[in-house]
Colleague: 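One structure, pasted below without further comment.
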Amino acid sequence: MTQEERQLPGPPGRGPSDAVRRLRREAAEIRAAVRAAPRRTVVAESLVCALAAAFGLIPLLLIPPDRPVLAVLEALWAALLVAARRGRPVAAVLGAFPLLMGANVWVLAVVPLIVLSATRRIAPPRRAWRIVGMACAALGGLTVATGLFRWETLPMKLAENAVSAVLLLLLPTLAGTMLGRRRPLVDLLRERNAYLEQTRALTAAAARMEERTRIAREMHDLLGHRLSLISVHAGALELATARQAPPLAGRVELLRTTAGTAMEELREILGVLRHADLSDETGGDRGTYDDITALVTQSRQTGGGSVELVWSVPDTVEVGPRVRQAIHRVVREGLTNVLKHASGAPVLVEVKGTDVGIEVYVTNGVPRVPGDSQGGTSSGLAGLQERISLLGGTFGAGALPDGGFRVTAWLPSQPSHTTNGPAPAPSPSEADAAPFSHAPRPPSGDGDTWRPGSNPPLSAQTLTWPRVLGAGCTAVLVVLPTAGFLIVLLVMAALG
């Protein structure tokens, strides 16, 4: 052999240096897996390994075995297999069969748990059965090898190990493959459930958007045209009034500006209907002090009565845009109702800010001319109640004992995103104590945050096939003989 041939490297994977390198690589992979795992998983696995070791070691103190060193090594080996069953399931199954012939009978209780947990993670199931078949064949070969010098006890040893293999290896493998086959099915059903839920949500959103677009088109074609005509005729009437009836010029100017404002509000509503994502940003200048002051001034000019504003919202209170718009709607609806049903009556508008929300009151006195009302359907008040309930507030409207009327609302500073239904109605005692139906009040703070429609969606596992298989009941029934065999075996070891 030449010197060059002697210097050629040997086949890969041979030699002690290569084995050491492989062990180092394996140790590095184990450390990386432990570091990447969640802390909760690491703690749980450590506790399981400690329990497995304790179950195999503590009974040895009470019942000393014939070979204590071998029994201790078997208990530590079982704890190591418990730790390896997640990352190295094949090695855990192949390493479990020697425990069936060991001197420590207590570790037999750990073997089926190792096999069941490991075979769940071996895919496809036929590969798990091949691994377990190899373990059973190795167990039979080891039994024959150890019984060569005692031929009279060999049949009994083969029968005992065969029963142990069936109950401690094959039955746990059957249960493990069942559970392993169930896992991808549940994952698939969960994915399909999420897909169907997303499809349903997108379909409903598309249907709502189509309906909103249709409503916006109808409003633009009908109301937009009529408001444009009112604005044009109001402008012409303003010019004629300035020449022929100067005292009415202010009223006509207010009519023209109101028509223009109505056109702007209609455009905003159409924008909200066509673009639902802009609903939270619409009306950013509404609900401010200047805006409410303008409403009060306009109502004073139109109705001719005294309209006072009391604004006590600190600058430190942050009010969301949707809440500000709701404040504007409450004040405007209250002042509009005064003009329709109690024209000329004194009106007091109060907007108060607190640490938990905003309180709004629109109170009018007795109208000058009793019974001078234009009638109505109360649809505006119903719409206000629905709007405020969706924001997590409370709304009330009703007559006062002196003959007046009050519209009141309580709104949180920031709208609640978990509230999907109206606020709970007050108790009868609260309703009797207030001069109107629903007095504004902050949330009770009792911790009960349930609202209709806030229930979480059902788990995807409820969509699996029959609950017997879906819940793993069949796997449990398969393991029952194993549990009975272990109980009998451990009781006999304790009594012996």
Colleague: Once ring-ring contact (aromatic ring centres under 6.0 Å, His included) is applied, do any residues pair with Trp311, and if so which ones, sequence neighbours excluded?
Modeller: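 Checked Trp311 against ring-ring contact (aromatic ring centres under 6.0 Å, His included); matches are Tyr289.
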Colleague: Can you tell me which residue pairs pass the salt bridge (Lys or Arg N to Asp or Glu O under 4.0 Å) test with a partner in residues 57-83, sequence neighbours excluded?
Modeller: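 For residues 57-83: none.
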Colleague: Suppose we screen for side-chain hydrogen bond (donor to acceptor under 3.5 Å, both in side chains). Which residues come up paired with Arg121, at least two apart in sequence or across chains?
Modeller: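 Here the qualifying residues are Ser117.
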Colleague: Going by the rule side chain to side chain contact (heavy atoms under 4.5 Å, CB included), which residues pair with Arg25 if we only count those two or more places apart in sequence or in a different chain?
Modeller: Arg21, Arg22, Glu29
Colleague: Does anything in residues 51-62 pair up under salt bridge (Lys or Arg N to Asp or Glu O under 4.0 Å), and if so which pairs, sequence neighbours excluded?
Modeller: none
Colleague: With sequence neighbours left out, write down each residue that passes salt bridge (charged side-chain N to carboxylate O under 4.0 Å, His left out) with Lys352, or none if nothing qualifies.
Modeller: Glu350
Colleague: side-chain hydrogen bond (donor to acceptor under 3.5 Å, both in side chains) with Glu160: which residues, sequence neighbours excluded?
Modeller: none
Colleague: What are the two closest heavy atoms between Ala78 and Leu99, and how far apart are they?
Modeller: CB-CD1, 4.0 Å
Colleague: Hey, could you give me each pair passing side chain to side chain donor-acceptor pair (under 3.5 Å) that has a residue in residues 36-55? Not counting sequence neighbours.
Modeller: Glu45-Arg85
Colleague: List in chain and number order the residues that pass side chain to side chain contact (heavy atoms under 4.5 Å, CB included) with Cys136, two or more places apart in sequence or in another chain; answer none if no residue qualifies.
Modeller: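 Checked Cys136 against side chain to side chain contact (heavy atoms under 4.5 Å, CB included); matches are Val132, Ala165, Leu169, Leu170.
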Colleague: Going by the rule side-chain hydrogen bond (donor to acceptor under 3.5 Å, both in side chains), which residues pair with Arg387 if we only count those two or more places apart in sequence or in a different chain?
Modeller: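 Partners of Arg387 by the side-chain hydrogen bond (donor to acceptor under 3.5 Å, both in side chains) criterion come out as none, since no residue qualifies.
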Colleague: Name every donor-acceptor pair, under 3.5 Å, that has one atom in a side chain of residues 54-64 and the other anywhere in the protein, sequence neighbours excluded.
Modeller:
none

Colleague: Please enumerate all residues that pass side-chain hydrogen bond (donor to acceptor under 3.5 Å, both in side chains) together with Arg214, with sequence neighbours excluded.
Modeller: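 Arg214 satisfies side-chain hydrogen bond (donor to acceptor under 3.5 Å, both in side chains) with Glu211 once adjacent residues are dropped.
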